[in-house]
Amino acid sequence: MTETYPLVHERSLPSSLERLRELAYNLWWSWHEEAQGLYRQLDPLLWEDVGHKPIAFLRRVSADKLTAATERIAYTAQYNRVLRAFDSYMGEENTWFATTYPELKDQHIAYFSTEFGLHESLPLYAGGLGVLSGDHTKEASDLGLPFVGVGLLYHKGYFTQKINAEGWQEETYEDFDPDDQPIHRVPGPDGNPLRITLELGELTITSDVWKVQVGRAPLYLLDTELESSNPELTQDVPRLYGGSRLTRLLQEILLGVGGVRVLRSLGLDPQVWHINEGHCAFLTLELIRERMAEGESFEDACEQVRERVAFTTHTPVSAGFDMFDLDLVARYLAPMREEMGISQKQLLDLGRHNPGWGEHFSMAHLALRLSALHNGVSKLHGVVSRQLFHHEWPDRPVDQVPIFHITNGIHVQTWIAPEIAGLFDEYIGRDWVNYLDDPHIWEAVDAIPEDALWETHQKLKQDLIWFLSHQIQRRWEAGEITPPHLVWSGTLFGREVLTIGFARRFATYKRATLLFRDLGRLKGLVNDRERPVQFVFAGKAHPQDEGGKALIQEICRHALDPELGGRIAFLENYDIAVARYLVRGVDVWLNNPRRPREASGTSGQKASLNGIPNLSILDGWWAEGYNGRNGWAIGSGIEYDSEEEQDQRDADELYRVLEEEVIPLYYERDDEGLPRQWLSRMREAIKTAGAYFTTRRMVKEYVERLYTPILQRQAGARDATPIGD
Ligand SMILES: *Cc1c(COP(=O)(O)O)cnc(C)c1O
């Protein structure tokens, strides 16, 4: 867009709609469909063009459209309703946290993460880790936690994926315009914009600081578009997961060390520091430095810091740990180390780890050694983590390694289809959102009539099929695509055909192409005249992962094979918006990772909540969630020594379950045309996800098992539970 637009502050709005501006600056709208509707309805095409960004939208929407809206009774009624709900949310004093822990409500819990997936329009995330942090933050707001998030602002967030005519992934980076985003520059103590400067030996970097308001929870972001004494060295810092190891190191120092300094500049003294995945563990060094500057010894400082820190690991294999060369860390942290007056060995020992190919500085080990409480993200991942870190507690049996688990969940209001939420309103009760983690209320799902559930699902499925052709039509008109794209984009999809979705990162262990191992068998399935099946795939490969890109290409090539009948589709640019269509609109959610490599997974939980049964390897959350009635298991959870053997057996089992169970059940209809048995799986899927796999249950567990033990200890409660080991 080359036109220039007034800044949103300078834009005049009709006085009766003045608060659209204020609302746009609080991400609360991102989990309230009616609030987004206030923008979208004014000009649906513009809303699409600006990528669902309320601020960008308000800068550009025509005065006529605004004036017209002031005259529409339905619109102004919705405006008033949304703002009443917003005001009541923001003003609520009796939140769950405030009423459960009145003595702790003035403390602060700091939550650090490299990614925050809050909405598709804010490029702060790449995938699952980011969506989890985003959902965690929204839930912390809903529950009223004294929570403050810290992350990085990427000007070149994760890339936009386009597939070229050869089926090969190409990456583009969208321009980031802060004036189009719901972010504010943070003022420092002197009223000028706050800036954080870090001396890193031969390099000096300075970063601006921004704030995003997520409901009641503030999120502070360090700007990766740096002022740098060596711009060549720092050119890739604005990219999420881009560039060299040095780029990553600089990002992580900025986040960890810079993040603590931001909170200090704001006068905050959090009593809990939550490290969400090892990347942000440098925050511990800054906390140690602070204490040593006050005269503590290195050992005492480490001990005091440890008591305040909690660490969540998300990695299921040691090769996945975030590691740096020792000399890289020594070089860039030298000024900090000298200020602390510790030796190079003392510094490096904090993260020293030998994964088998030489000593490295491991961020996970730094986090583990400087935290009092540690957890994995599913029951199985807890077991795996105790094995991975057993060497840190060599004297203990592996099952007594002090790493427990809190299984991941999803933020319900973000992921539920409004149509499904409408059924809950009607049959569970209007205030079901307040009782999410009460398993009893989910029994009321049985009261939803089968025809209503089926019709609602059909509507969501048609929305997805519309979305597939709509996306491709826009790109065709723009002259951006070739005839093969038309085929592999799902334009040949049938409306009544059983539709199976697979969307995830194209990392090799996720085995996106497992389905294609026996092409003859697959062709038999998709081409069955009475009971056909179609598959939609989506997902990004890391820009440097040629293997992952080859898998995408393989799928696109198969999709062009006439013998597969146009029943294979690849949907470009998997992000939160695309995920929303998929987890609401397919009939079955497929997941076939190589167990136990999926730490938890959350996309299947989103599908399940919307009544879509999972068909999955018993890995991650599904190893806990599967109960025989809410979907299907592929295999029995056995792990094989040879990957080849594991892949072959899992593929065989996948075909068998499709042929013998999934497909027959889907097409078994009664006199009214309803698949009764299938509908009972759909109901059971909703109950499973709703009662347990939500951030409501998850964040409460974080509060009870990580945050409050630390807070109570800090508050000096004599009977506080002893923490750590
Ligand atoms: C939920 C989500 C994920 C995480 O899904 P997994 O099950 O962990 O693969 C990744 N990306 C997007 C865009 C999501 O919405």
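One-based numbering, in listed order, for ligands and for the atoms of each.
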* Do you see a donor-acceptor pair shorter than 3.5 Å between the side chains of Glu419 and Thr456? -> no
List the atom pairs, with distances to 0.1 Å, where a side-chain N or O of residues 128-135 and a protein N or O form a donor-acceptor pair under 3.5 Å, not counting sequence neighbours.
{"residue": "Ser133", "atom": "OG", "partner": "Ser113", "partner atom": "OG", "Å": "2.8"}
{"residue": "Ser133", "atom": "OG", "partner": "Glu115", "partner atom": "O", "Å": "3.1"}
{"residue": "Ser133", "atom": "OG", "partner": "Leu129", "partner atom": "O", "Å": "3.0"}
{"residue": "Ser133", "atom": "OG", "partner": "Asn276", "partner atom": "ND2", "Å": "3.1"}
{"residue": "Asp135", "atom": "OD2", "partner": "His411", "partner atom": "N", "Å": "3.0"}
{"residue": "Asp135", "atom": "OD2", "partner": "Trp415", "partner atom": "NE1", "Å": "3.1"}

* **Closest non-hydrogen atom pair, Ile481 against Arg475** => CG2-NH2, 3.4 Å
* **Residue pairs, two or more places apart or on separate chains, that pass salt bridge (Lys or Arg N to Asp or Glu O under 4.0 Å) and touch residues 535-554** => Glu171-Lys549
* Just jot down the salt bridge (Lys or Arg N to Asp or Glu O under 4.0 Å) partners of Arg248, sequence neighbours excluded, or say none. => Glu252, Asp322
* Of the non-hydrogen atoms in Ser121 and Gln181, which two are nearest, and what is the gap between them? -> O-NE2, 3.0 Å
* Structure fact -> Less than 4.0 Å from some atom of ligand 1, heavy atoms are found in residues Gly127, Gly128, Val131, Trp415, Arg504, Lys510, Tyr574, Asp575, Ile576, Ala579, Gly601, Thr602, Ser603, Lys606
